[in-house]
2 protein chains.
Amino acid sequence: MQPFGCILMFEVMKRDIFQAIADPTRRAIIALIALQAMTPNALAENFHTTRQAVSKHLRILTECELVKPEYRGREIYYSLEIEKMKEIDEWLEQYRQIWETRYEQLDEVLAVLKSQKG
Amino acid sequence: MQPFGCILMFEVMKRDIFQAIADPTRRAIIALIALQAMTPNALAENFHTTRQAVSKHLRILTECELVKPEYRGREIYYSLEIEKMKEIDEWLEQYRQIWETRYEQLDEVLAVLKSQKG
DNA sequence: ATCTTACGAAACCATTCGGTTGCACTTGAC
DNA sequence: GTCAAGTGCAACCGAATGGTTTCGTAAGAT
């Protein structure tokens with residue numbers, strides 16, 4: 001068997017970030033470790049599941065590089081890779097343009113109504 | 001064990017918008033109808049699936065109010081509810097604050113390095 | 001050296017998911 | 001009225017998902 005700390009424990013497998021954030025527990029994990037790095041045990045105390053279940057979520061989050069492990073003794077501190085969150089923001093950008101355009105159009109309509117009124 | 005509901009409290013919705021956008025086909029549907037309202041038949045021509053499969057995706061998107069049907073004769077035109085997309089943007093907001101803060105800190109570091117260099 | 005703690009892996013299970021096929025209903029054209 | 005077109009729905013199926021339990025291994029404590 002492989003020694004514990006020196007081999008990649010999580011296979012580098014491409015995961016869909018949108019599928020990663022689909023699960024509410026994983027979003028909660030993201031919210032927690034956004035504040036500070038946490039171990040699987042510490043994380044598990046916040047949920048109604050076992051540590052192993054949290055570990056599986058962390059595996060998925062790590063596979064899509066949303067989360068990064070830091071090995072410290074026999075503990076592993078997981079922290080958020082905030083850069084990866086930008087991918088969601090970039091995907092959202094095209095739709096943000098749409099709703100901003102609609103706001104401008106609405107502003108125009110309101111301006112016209114106001115000028116007609118006054 | 002921590003008191004449970006503090007983090008997962010908001011997951012009582014019938015359909016989760018994050019789960020809705022997790023599927024790549026549904027994201028493609030969103031992208032298509034963002035441009036113009038489309039019928040299930042017209043949508044299905046863009047994918048390698050049956051019309052019924054697209055219909056099931058549209059049902060999920062409609063249930064979480066990401067998509068709105070408009071009945072016109074025997075056809076149904078589905079259009080994007082752009083307002084709903086803002087929910088994702090609002091969720092992202094907290095993390096956007098984090099990465100913007102890091103950028104500012106990085107800028108500070110770079111400024112210090114530059115001043116020391118010059 | 002031995003025990004405890006922290007962790008991931010594996011095996012297993014129930015549920016959900018995405019897809020297909022077949023069917024029923026409604027609308028519009030003939 | 002009859003027929004074709006456009007839909008949604010139910011039943012079914014294989015695969016994926018999220019969870020648990022059991023285990024093996026590494027690191028720290030006694």
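Chain letters run A, B, ... following the sequence lines, proteins first, then strands; residues in each count from 1. These figures come from a predicted structure and were not determined experimentally.
The shortest distance between side-chain heavy atoms of B/Thr62 and B/Pro69 falls below 4.5 Å. Considering only heavy atoms from C-beta on, A/Met38 stays 4.5 Å or farther from A/Tyr78 through its side chain.
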Residue pair B/Lys68, B/Glu81: steps toward the side-chain contact (heavy atoms from CB on, under 4.5 Å) verdict = CA-CA 6 Å; B/Lys68 183 187 57 182; B/Glu81 284 277 15; 3.2 Å; yes
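Closest to the side chain of A/Thr49, from the set C/dC17, D/dT20, C/dT20, is D/dT20. Between D/dG19, C/dT20, D/dG18, one nucleotide has an atom nearer to the side chain of A/Ile60 than all others, and that is D/dG18. Between C/dC17, C/dG19, D/dT20, one nucleotide has an atom nearer to the side chain of B/Ala53 than all others, and that is C/dG19.
With the 3.5 Å cutoff on both pairing distances, Watson-Crick and G-U pairs in DNA chain C assemble into runs of at least 3 at C:1-30 with D:1-30.
Separating the CZ atom of B/Phe18 from the P atom of D/dT17 is a distance of 19 Å, rounded to the nearest angstrom. The separation between B/Asp23 atom CG and C/dG19 atom C1' is 11 Å, rounded to whole Å. If you take CG of B/Leu43 and P of C/dG19, they are 13 Å apart, rounded to a whole angstrom. What separates CZ of B/Arg26 from C1' of C/dC17 is a distance of 8 Å, to the nearest Å. The distance between atom CZ of B/Arg15 and atom C1' of C/dG18, rounded to the nearest whole Å, is 11 Å. Counting to the nearest Å, the P atom of D/dG18 and the CZ atom of A/Arg27 are 11 Å from each other. Rounding to whole angstrom units, CD1 of residue B/Ile29 and C1' of C/dG19 are separated by 13 Å. In this structure, A/Leu61 places its CG atom 13 Å from C1' of D/dG18, rounding to the nearest Å.
Screening residues 88-100 of chain A for side-chain hydrogen bond (donor to acceptor under 3.5 Å, both in side chains), with sequence neighbours left out, gives A/Asp89-A/Arg96, A/Asp89-B/Arg96, A/Glu93-A/Arg96, A/Arg96-B/Asp89.
Remark: B/Gln19 engages B/Arg15 in a side chain to side chain donor-acceptor pair (under 3.5 Å) (not counting sequence neighbours). Evaluation of the side chain to side chain donor-acceptor pair (under 3.5 Å) rule for A/Lys86 yields A/Glu83, B/Tyr103 as partners, not counting sequence neighbours.
Distances shorter than 4.0 Å separate some side-chain N or O of A/His57 from OP1 or OP2 on D/dG19. Under 4.0 angstrom from either OP1 or OP2 of C/dC17 there lies at least one side-chain N or O belonging to B/Gln19.
Of the inter-residue distances, the one linking A/Leu66 atom CG with A/Ile29 atom CD1 reads 11.5 Å to the nearest 0.5 angstrom.
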Mind listing the side-chain donor-acceptor pairs of residues 39-61 of chain B below 3.5 Å, one per line with the distance, residues two or more places apart or on another chain?
| from | atom 1 | to | atom 2 | distance (Å) |
| --- | --- | --- | --- | --- |
| B/Thr39 | OG1 | B/Ala42 | N | 3.2 |
| B/Asn46 | ND2 | B/Ala42 | O | 3.0 |
| B/Asn46 | ND2 | B/Leu43 | O | 3.4 |
| B/Thr50 | OG1 | B/Ala53 | N | 3.2 |
| B/His57 | ND1 | B/Arg26 | NH1 | 3.1 |
| B/Arg59 | NE | B/Glu63 | OE2 | 3.1 |

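Formation of a donor-acceptor pair under 3.5 Å by the A/Arg72 side chain with backbone atoms of A/Tyr77 is not found in this model.
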Counting primed atoms, P, OP1 and OP2 as sugar-phosphate and everything else as base, the B/S/- map of nucleotides 3-15 of chain D against protein heavy atoms under 4.0 Å is -BBSBBB------
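Between A/Arg72 and A/Val54, the residue anchored closer to the 5' end of DNA chain D is A/Val54, taking for each the nucleotide with the nearest heavy atom.
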